[in-house]
Amino acid sequence: QVQLVESGGGLVQAGDSLRLSCAASGRNFNLYTMAWFRQAPGKERDLVAAIDGPGRNARYADSVQGRFAISRDNVKNTVFLQMNGLKPEDTAVYYCAARRDSGIHSGYLLLGEYDYWGQGTQVTVSS
């Protein structure tokens, strides 16, 4: 069993930066692909970024490519999302997710492929 706890959300202005953290409990953290999803009011939950178990490979949504960076610390069992150049359209609840697959393989975009979820942290970007 893996428990995920997100932190770092808040209210910022357009152009600001935030760093989200997701602390994971349990064993073998490096065997999980970790991802950040987000869900805005009235919209579906979509992938923002994913990173493989060793932290060597990452994938990003087109909308955040070049602005956001996902990373992980497998000693501290934590995954991060550095968000720069925030825009009002980035406003959403951000969720951390874990998938029992150390590689970013087919299906990584799909909610149903992830085995564990955090409770989410609100990010609000004002214009």
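The model shown is predicted, which means the values in this text are computed figures rather than measured ones. Start at 1 with the first residue, then count along the sequence.
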Open item on the list: Is there a continuous path of hydrophobic side-chain contacts, each under 4.5 Å between heavy atoms, that joins I70 to V64?
Closed with: yes
TODO: Would you mind listing every side chain to side chain donor-acceptor pair (under 3.5 Å) that reaches into residues 5-22, with sequence neighbours excluded?
DONE: S17-N84
Task: Flag, side chain of N77 to backbone of F29, donor-acceptor distance under 3.5 Å - done: no
Just distance, no hydrogens or angles: give the donor-acceptor pairs under 3.5 Å from side chains in residues 120-127, sequence neighbours left out.
| residue | atom | partner | partner atom | Å |
| --- | --- | --- | --- | --- |
| T121 | OG1 | G9 | N | 3.2 |
| Q122 | NE2 | A92 | O | 3.4 |
| Q122 | NE2 | T124 | OG1 | 3.2 |
| S126 | OG | V12 | O | 3.3 |

TODO: To the nearest 0.5 angstrom, please state how far the CG atom of L11 sits from the OG1 atom of T91.
DONE: 8.5 Å
Open item on the list: When you compare the side chain of C96 with that of W36, does any pair of heavy atoms fall below 4.5 Å?
Closed with: yes
Open item on the list: Using 0.5 Å steps for rounding, measure from the OG1 atom of T78 to the CE atom of M34.
Closed with: 9.0 Å
Open item on the list: When you group the ILVMFWY residues by side-chain heavy-atom contacts below 4.5 Å and let the links chain together, are F80 and V48 in the same group?
Closed with: no
Open item on the list: Once side chain to side chain contact (heavy atoms under 4.5 Å, CB included) is applied, do any residues pair with R27, and if so which ones, sequence neighbours excluded?
Closed with: none
TODO: Kindly write out the residues that satisfy side-chain hydrogen bond (donor to acceptor under 3.5 Å, both in side chains) with S63, not counting sequence neighbours, or none if the list is empty.
DONE: R38
Open item on the list: Run the side-chain hydrogen bond (donor to acceptor under 3.5 Å, both in side chains) test against E89 and tell me which residues pass, sequence neighbours left out.
Closed with: none
Open item on the list: Testing the basics here: between A24 and V2, what is the closest heavy-atom pair and its distance to 0.1 Å?
Closed with: CB-CG1, 4.3 Å
TODO: Mark yes or no for whether N74, through its side chain, and G53, through its backbone, hold a donor-acceptor pair below 3.5 Å.
DONE: yes
Open item on the list: Once disulfide (SG to SG under 2.5 Å) is applied, what residue pairs with a partner in residues 97-127 remain, sequence neighbours excluded?
Closed with: none
Open item on the list: Contact between D90 and R67 at the side-chain level, heavy atoms closer than 4.5 Å - yes or no?
Closed with: yes
TODO: Identify, with sequence neighbours excluded, every residue that meets side-chain hydrogen bond (donor to acceptor under 3.5 Å, both in side chains) alongside D73.
DONE: none
Task: ILVMFWY cluster membership beyond I104 - transitive side-chain contacts under 4.5 angstrom - done: F37, L47, V93, Y95, Y108, L109, L111, Y114, W117
TODO: Kindly write out the residues that satisfy side chain to side chain contact (heavy atoms under 4.5 Å, CB included) with E113, not counting sequence neighbours, or none if the list is empty.
DONE: R99, L110
Task: Heavy-atom donor-acceptor pair, R72 side chain to D52 backbone, under 3.5 Å - done: yes
TODO: If a pair satisfies ring pair (Phe, Tyr, Trp, His ring centres under 6.0 Å) and one of its residues is in residues 46-78, list it, with sequence neighbours excluded.
DONE: none
TODO: Only counting residues at least two apart or in another chain, list the ones meeting side chain to side chain contact (heavy atoms under 4.5 Å, CB included) with S25.
DONE: Q3
Task: Residues in side-chain hydrogen bond (donor to acceptor under 3.5 Å, both in side chains) contact with Y116, at least two apart in sequence or another chain - done: R100
